[in-house]
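Input: a single structure, listed below in structure tokens.
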Amino acid sequence: MHDFAIVKKIEGDRIFVVPLISNACIKCTTGCQIQGKMFEVSNKRKISLKKGDVVRLQLSKLQYAFNGMVSFLAPIASAIVGYIYSPAIIARVFRNWQMIKLEYLKFFTVSIFFFSASLIMFLISRSSLHFVKPEIAQTI
């Protein structure tokens with residue numbers, strides 16, 4: 001998540017911001033075209049805002065902890081599921097699997113499950129998908 005953003009639109013209680021790509025953009029006046037996608041944030045602290053304000057965004061500590069646990073445990077859980085279901089998957093994919101060492105195939109299946117879950121977590125973390133609205137902490 002980006003720490004700083006610019007308020008682009010205010011519609012009643014709904015506030016839309018565009019993330020600043022780097023901290024150098026905070027004092028920039030050239031108005032370059034390098035901007036992220038607009039998304040909605042919450043203003044639980046009822047901070048007075050206007051279009052063009054630079055704000056600092058945050059998530060709750062509980063949300064950060066939850067995100068960290070999910071990104072850590074999801075690949076591990078996926079690898080365990082891959083290990084449990086590997087004999088059934090191997091039987092369907094490889095017809096003559098008895099000729100190949102079963103442990104190698106289990107390792108291959110677990111690796112695929114682990115790395116696919118890790119890739120999904122990586123892509124979600126790099127996307128503009130927000131499951132929880134970030135909160136405005138302060139104006140800059």
Side-chain angles (χ1 to χ4, degrees):
M1 187 183 89
H2 298 283
D3 293 331
F4 296 98
I6 298 175
V7 176
K8 286 295 185 180
K9 186 168 47 168
I10 300 174
E11 296 176 350
D13 290 340
R14 299 178 70 192
I15 300 165
F16 295 91
V17 298
V18 174
L20 294 174
I21 301 304
S22 76
N23 290 344
C25 298
I26 292 175
K27 294 185 176 27
C28 180
T29 58
T30 61
C32 66
Q33 298 299 319
I34 303 173
Q35 293 185 346
K37 294 181 181 180
M38 191 177 338
F39 61 93
E40 188 176 354
V41 296
S42 65
N43 188 9
K44 294 179 183 175
R45 298 177 185 190
K46 304 295 183 199
I47 298 171
S48 155
L49 298 170
K50 62 185 181 302
K51 185 177 176 182
D53 281 348
V54 177
V55 295
R56 187 171 65 85
L57 304 176
Q58 71 178 22
L59 288 174
S60 70
K61 292 186 188 316
L62 182 64
Q63 189 64 37
Y64 274 121
F66 177 75
N67 290 349
M69 292 303 293
V70 167
S71 63
F72 178 71
L73 293 177
I76 293 172
S78 178
I80 291 169
V81 168
Y83 183 79
I84 292 169
Y85 287 106
S86 61
I89 294 169
I90 291 167
R92 287 183 183 240
V93 173
F94 299 103
R95 300 274 184 234
N96 298 325
W97 65 273
Q98 290 86 2
M99 294 180 186
I100 305 171
K101 288 221 175 194
L102 185 60
E103 297 308 315
Y104 293 137
L105 293 176
K106 280 187 177 182
F107 173 76
F108 180 70
T109 306
V110 168
S111 298
I112 288 175
F113 273 70
F114 180 81
F115 288 116
S116 61
S118 298
L119 179 65
I120 290 169
M121 290 290 121
F122 175 76
L123 294 175
I124 288 173
S125 72
R126 297 295 177 241
S127 74
S128 59
L129 182 64
H130 297 284
F131 295 111
V132 176
K133 284 189 214 177
E135 181 182 329
I136 295 175
Q138 71 184 53
T139 58
I140 306 295

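Atom CZ of F16 sits about 11.0 Å away from atom CD1 of I10, to the nearest 0.5 Å. Taking CD1 from I124 and OG from S71, the interatomic distance works out to 10.5 Å, rounded to the nearest 0.5 Å. Expressed to the nearest 0.5 Å, how far NZ of K50 lies from OG1 of T139 amounts to 8.0 Å. The CZ atom of F4 sits 6.5 Å away from atom CZ of R56, with the distance rounded to the nearest 0.5 Å. We find the CZ-NZ distance between R14 and K133 to be 7.0 Å, quoted to the nearest 0.5 Å. The distance from atom CD of Q58 to atom CD of Q63, rounded to the nearest 0.5 Å, is 12.0 Å.
Side chain of R45 to backbone of A137: a donor-acceptor contact under 3.5 angstrom is found.
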Exercise. Begin with the C-alpha distance, continue with both residues' side-chain angles, and end with the deciding distance and a verdict on side-chain contact (heavy atoms from CB on, under 4.5 Å) for L57 and D3.
Key: CA-CA 5 Å; L57 304 176; D3 293 331; over 6 Å; no

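With contacts defined as side-chain heavy-atom distances shorter than 4.5 Å, the pair T109/K106 does not qualify. Looking at heavy atoms from C-beta onward, F39 lies in side-chain contact with P19 at the 4.5 angstrom threshold.
Of all heavy-atom pairs between M121 and A74, the closest is CE-CB, 3.9 Å. L49 approaches I136 most closely through the heavy-atom pair CD1-CD1, 3.4 Å. Closest approach of K51 and K8 over heavy atoms only: CE-O, 3.2 Å. The minimum heavy-atom distance linking V7 with V17 is given by the pair CA-CG1, 3.9 Å.
Note on F122 and L73: separate hydrophobic clusters, where clusters join Ile, Leu, Val, Met, Phe, Trp and Tyr whose side-chain heavy atoms are under 4.5 Å apart, directly or indirectly. Side-chain heavy atoms closer than 4.5 Å link hydrophobic residues (I, L, V, M, F, W, Y) into clusters, and following such links, possibly through other members, connects F113 to I90. V110 and F72 are not part of a single hydrophobic cluster, where members link through side-chain heavy atoms under 4.5 Å apart. By the criterion of side-chain heavy atoms lying less than 4.5 angstrom apart, applied directly or through intervening Ile, Leu, Val, Met, Phe, Trp or Tyr residues, L105 is grouped together with I80 in one hydrophobic cluster. Put simply, L59 and V70 are part of two different groups of oily side chains (I, L, V, M, F, W, Y) that touch within less than 4.5 Å, one to the next.
Atom OH of Y83 is surrounded by 12 or fewer heavy atoms from other residues, nucleotides or ligands within 6.0 Å. Sparse packing is recorded around CZ of R92, with 12 or fewer heavy atoms of other residues, nucleotides or ligands lying under 6.0 Å away.
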